[in-house]
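See structure below.
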Protein chains: 2
Amino acid sequence: MATTLGYAILGLLAREALSGYDVTQRMKESVGFFWGAGHSQIYPELARLEEGGLVAHSVVEQRERPDKKVFEITPAGIDALGEWVMQPPPRRPTKDELTLKAYSVWLVDGGEAARLFREEGRRYEEQLARYEQIRGWMEEEWADDIGRPETPRFASYATLRRGILYERGNAEWCRWLADAVEGKPEGV
Amino acid sequence: MATTLGYAILGLLAREALSGYDVTQRMKESVGFFWGAGHSQIYPELARLEEGGLVAHSVVEQRERPDKKVFEITPAGIDALGEWVMQPPPRRPTKDELTLKAYSVWLVDGGEAARLFREEGRRYEEQLARYEQIRGWMEEEWADDIGRPETPRFASYATLRRGILYERGNAEWCRWLADAVEGKPEGV
DNA sequence: AAACTATATGTCAAGAGTGACATATAGAAA
DNA sequence: TTTCTATATGTCACTCTTGACATATAGTTT
């Protein structure tokens, strides 16, 4: 019924009612860790979801800000989201531009390549540190819900753990590659 | 100058001259581990690369098969590829449909979710096993080149290591999540 | 004889995604 | 006073990507 972006939005609205602007913000933080979209994709997609009866909006008038449309997920939306969750996702090729660059790294100077991959590794480590911090916070503040798979907090925690493994793997690989192109032997 | 797909193709042609059909096959194996494209994207992209002077083709007549166009990278193509490698890639959001499903996993039955994530975990483990096998083969057969960052074999080995960390992280996470939605405590 | 597979090269329509353009309110900063 | 930032919603053109359609040779299988 909906597109993948549609299900990403439904995943947010299943937690709380949001305006298109709010959805756009969430796409830069929480959900943004594993899916992405700009507002130019989000507003039309919300309209399509409403057309399909998966969400409904009401206008909220504001005094100190422009009025906004707040979207709520419908029972049909909850059903559609739950059914989509259980379908095994199609196996699409991972597209990783940094790995693609590594594939041609043999053409360039080792020292310069080391600089690039060390810098990229730093970025992954920074993101990893942010994730680890959020994880610590969640494990303290959400201690009870994290053990309950039927809560949205458990699901958020699960996706965070995925992000941590991802960033850690990337950071580790960048470090290894930077060392290797500089001629340092493995494990030093 | 070229698109990311263009650089993926140049990365292949920097190793050996290939027909469009060959490039398509490589996109399902080696390069396909971190980039993807069907032939309907590859043929027009090869034409664009040729227009830009980055590749050149010659027609090879065959008796038992249809004739083919074999593409070679030009010196300008090598230069463009090397320059692109050194540019830090734009930070695009990781798009992982399985993680997106995990974000809404709290809506569905724990037992059914466990089945899904265990099955997906198996797929990652299978891919990991394939990669580990290739790694073992490379470390035996390519032992000398793997220590030389200026060889294409080193670069291929580097991307394989990235793939191993990726699949391992995914498999580990799927196992953890399947256990968690079934109510099993951490580390059992 | 017909169907299927592998090789080989292309086009086309539709959908997904990006970045720029466009407009509006209101507070805060320069 | 002007500019900047945050909130708020939208469109548009362009590019990227996917999947189907299209054609052709030659060997293998049914």
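Order of the sequence lines sets the chain letters (A, B, ...), proteins ahead of strands, with each chain counted from 1.
Grouping the Ile, Leu, Val, Met, Phe, Trp and Tyr side chains by contacts below 4.5 angstrom, directly or via other members, places B:Leu49 apart from B:Tyr21. The hydrophobic cluster containing B:Met86 also contains B:Leu81, counting ILVMFWY residues as joined when their side-chain heavy atoms lie under 4.5 angstrom apart, directly or transitively.
Checking D:dT11, D:dT18, D:dA8 against every side-chain atom of A:Pro66, the shortest atom distance belongs to D:dA8. You'll find that the side chain of B:Arg65 is closest to C:dA8, out of D:dT18, D:dT7, C:dA8. Distance from the side chain of B:Gln41 is smallest to D:dT18 among D:dT18, D:dA8, D:dC21. Distances from the side chain of A:Lys69 to the nucleotides D:dT9, D:dT17, C:dG17 place D:dT9 closest.
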| field | Working for salt bridge (charged side-chain N to carboxylate O under 4.0 Å, His left out), residues B:Asp96 and B:Lys101 | value | CA-CA 9 Å; B:Asp96 189 310; B:Lys101 282 172 191 275; over 6 Å; no
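Among the heavy atoms of the strands lying under 4.0 Å from B:Glu64 are primed sugar atoms or P, OP1, OP2 only; no base atom is included. Across all strands, B:Arg63 comes closer than 4.0 Å only to sugar-phosphate atoms, never to a base (heavy-atom distances). As judged by a 4.0 angstrom heavy-atom cut-off over every strand, B:Ser40 is placed among the base-contacting residues. Here B:Gly20 lies in heavy-atom contact (under 4.0 Å) with sugar-phosphate atoms only. Across all strands shown, A:Ser19 has heavy atoms under 4.0 Å from sugar-phosphate atoms exclusively, and none from any base.
Under a cut-off of 6.0 angstrom, the local environment of CD in B:Glu29 is crowded, with over 12 non-hydrogen atoms contributed by other residues, nucleotides or ligands.
One finds a side-chain N or O of A:Lys95 lying less than 4.0 angstrom from the OP1 or OP2 phosphate oxygen of D:dT17. Checking the phosphate oxygens (OP1, OP2) of D:dT9, no side-chain nitrogen or oxygen of A:Tyr21 falls inside 4.0 Å.
Comparing B:Arg48 and A:Val70 along DNA chain D, the residue whose closest nucleotide (by nearest heavy atom) sits nearer the 5' end is A:Val70. Each of B:Pro93 and B:Phe71 was matched to the nucleotide of DNA chain C holding its nearest heavy atom; the match closer to the 5' end belongs to B:Phe71.
Rounded to an integer number of Å, the gap from CD1 of A:Ile42 to P of C:dA16 is 15 Å. The OH-C1' distance, from B:Tyr43 to C:dT7, rounds to 9 Å in whole Å. The NE2-P distance, from B:His39 to D:dC21, rounds to 13 Å in whole Å. One can place CG of A:Leu5 at 10 Å from C1' of C:dG17, the figure rounded to the nearest angstrom. Rounded to whole Å, the distance from CZ on A:Arg91 to C1' on D:dT18 is 18 Å. Separating the NE2 atom of B:His57 from the P atom of C:dA8 is a distance of 15 Å, rounded to the nearest angstrom.
Within the 6.0 Å centre-distance limit, the rings of A:Trp84 and A:Tyr7 are counted as a close aromatic pair. Residues B:Phe34 and B:Tyr166 place their aromatic rings such that the two centres sit no closer than 6.0 Å.
Comparing the start and finish of the helix from C:dA1-D:dT30 to C:dA30-D:dT1, five pairs each, the helix axis swings through 10°, to the nearest 10 degrees.
Below the 3.5 angstrom threshold, one finds no donor paired with an acceptor across the side chain of A:Thr3 and the base of C:dG15.
Between B:Phe117 and B:Trp173, the angle of the ring planes goes over 60°, which puts this pair in the perpendicular group of the 30/60° scheme.
The CD atom of B:Glu97 sits 6.0 Å away from atom CZ of A:Arg92, with the distance rounded to the nearest 0.5 Å.
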